[in-house]
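To start, the structure itself, in structure tokens.
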Amino acid sequence: MSRSSNIPAALFLRLLLWLLAFVTITPFLLLLLTSIKSKADVLRGAFALPAYPHFENYVDAWNAGHFNIYFWNSIIVVIPVVAVSVFLGLLTGFAFAYLSFPLRRTLFAILTLGMMVPAEAFIIPLYYEMRYLGLINTYAALIIPQIAMSIPFSTIFLASAMQQLPEEVLEAAVLDGAGRFHILRKIVIPLMIPAMSTLALFLFIWTWNEFLIPFILVNDDAYRTLPLGMLFFQGRYTVNTPVLTAGAVIVIFPLILTYLVFQRRFIAGLTAGATK
Amino acid sequence: MKRSALDGTQHTNFIYLLPGLLLYAAFVFGPIVAALGLSLTSWDGLSMPRWVGLGNYADLFSDSRFYIALRNNAELMIFYCVLPLVLGITLAACVWNLKQREQLALRTFLFLPYIMPTAVLGIIWAWLYNPAFGPFNQFLRAIGLGRFALPWLGDFNFVLPAVGIVATWYFFGFCMVIFLTGIQRIDPSLFDAAKVDGASARKTFFWITLPLLMPEIRVVLLLTVIASIKSFDLIFTMTRGGPANATLVPNIYMYQLGFELNRFGAAAAIAIVGALLTFAINYAIHRLVGSRSKGVA
């Protein structure tokens, strides 16, 4: 582990590391490259450069591939899921951090159960429940279960962040005669902004990437989100690789952008959440 | 007893708890309990469910396809858990003493796959592996290894590693990041002491870094094992479990039984077995890796 005194070996190691990094992102680079090719360019080889960039693939994917619909559906789903999940996480997290109530440990265990049991395990009853409620093929089918599924993580993440707030500040507010809603709104929430935005970031990525819920609960093209749209697009356009890859870029571009902007916060939150 | 200065009477406390818990109960916990009940019935989705007790479970454990699915899942764990863990820890040890800026750049690149939707990654890799115009085989031909250019996702022997490699690619950067933060948590004086004692880099790694990283190893194992048991998106978009069950895993089988053959009771039984398996492995990892880390610390 000590700093290598052997200069050529250290240089070789770094070269190897960068080569690995390059190989790791090669699928994304190939995706970008192919998305601006013509069909004829594709036949000339995966690594050949096109004579000029064919940005019309993006127009084709956006319109003919219905990515305009999928993109807006993803936005329509992701905003309420993130907003409501963070809000409900604040309330339940507040309760678990500061308040006493009966069956506290049992309720906490039931909540963590939901974090361990994958959606695959309860998708069948969930499907029939949504059908009974008449919600199959609606935005509600995409939004409500995903909020419910995010409650365990939101609660535990925000409760443990709240427990780290200085107790004296809260006690002082109570002595000043402030009500609890008031303290939550004016003191706790402002102090929780960093934790809340990290949580929102995670929920955004998870919701944007969710596959099973829209796959099972929605079969109308008008309600498909991006990952689902991509699957059905693949079925229809198997031969048109440039347009398929343009579609993939439309799905992952918001993710890469978010990741690059928030990368430090993202990784800090990830490791904090994971090692807890 | 009051938990904090903010604590109030119990029924006013419930106001904070209720909205989240009700939603969770209705759309997560309720369905989990219902899945447990459903797994004890035979149901086609239309007629009344018929009580069969543990019949579905008995059927499963005499079903050769279910054993194939379990075995495939076990083999996939090499790619989901073992390889990313080994690669991640090795890389973390290499990247750790690089300059801040270079470390950040490498971390950013290697971590990138982890934030992507696995369903879309499956579609992208299905294209990369395409036997006719996929970049992977074109690359092999270009460097003179054309005889290794296989129809990767159609080859009975190579399809499982081909799918598995995608999972390794997805997870190893994530593992590296967790291990990097773990190494930064370790007291630097330990490394200095080892240096003073003239310990080799290898010795330092195996006697200081590795034992002190046990909590991180546990977390990484837990997350990747759970991911391998719930693997569905990646495999569904790449192979749908084929060819000839070569990549069939329990969740794909669950989907086929439930949503293709309308055998919802049997499908629910698979889902429950998967959840129980997750708990069991979770518990085992806590016992095995957890106790060892306590012994060292």
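Please read all numbers here as calculations on a predicted model, not as lab measurements. Every chain is numbered from 1 and lettered A, B, ... according to where its sequence line falls, protein lines coming before strand lines.
Counting heavy-atom pairs under 4.5 Å between each of B:Leu23, B:Val28, B:Leu22 and chain A puts B:Val28 at the top. Note: B:Asn251 leads B:Val95, B:Asn251, B:Asn130 in heavy-atom pairs under 4.5 Å with chain A. By number of non-hydrogen pairs under 4.5 angstrom with chain A, the leading residue of B:Phe27, B:Phe236, B:Tyr255 is B:Phe27.
Inspection of the B:Asn13 and A:Arg104 side chains reveals no N or O donor paired with an N or O acceptor under 3.5 Å.
Put simply, CZ on A:Phe101 and OH on B:Tyr16 are 13.0 Å apart, with the number rounded to the nearest 0.5 Å. The line from OG1 of B:Thr108 to CD1 of A:Ile256 is 12.0 Å long, rounded to the nearest 0.5 Å.
Using a 30° and 60° split on the angle between ring planes, A:Tyr127 and B:Phe259 fall in the perpendicular class, above 60°. The aromatic rings of A:Phe215 and B:Phe232 sit tilted relative to each other, their planes meeting at an angle between 30° and 60°. In this structure, A:Trp18 and B:Phe109 have perpendicular ring planes: the angle between them is above 60°, well past the 30° mark.
A distance of 6.0 Å or more separates the ring centres of B:Tyr114 and A:Tyr259. If you look at B:Phe264 and A:Tyr128, their ring centroids are closer than 6.0 Å.
For B:Ile229, no part lies under 4.5 angstrom from a heavy atom of chain A. Contact of B:Thr12 with chain A is made through backbone and side chain together, with heavy-atom distances under 4.5 Å. Heavy atoms of A:Leu30 lying under 4.5 Å from chain B belong to its backbone as well as its side chain.
What you find for B:Gly45 and A:Arg131 is that their closest heavy atoms are O-NH2, 4.4 Å. Minimum heavy-atom separation, A:Ala121 to B:Ala35: O-CB, 3.5 Å.
Contacts between residues 85-94 of chain A and chain B, counted as heavy-atom pairs separated by less than 4.5 Å, involve A:Leu88, A:Leu91, A:Thr92, A:Phe94. Taking 4.5 Å as the heavy-atom cut-off, the residues of residues 134-143 of chain B that approach chain A are B:Pro135, B:Gln138, B:Phe139, ordered by number.
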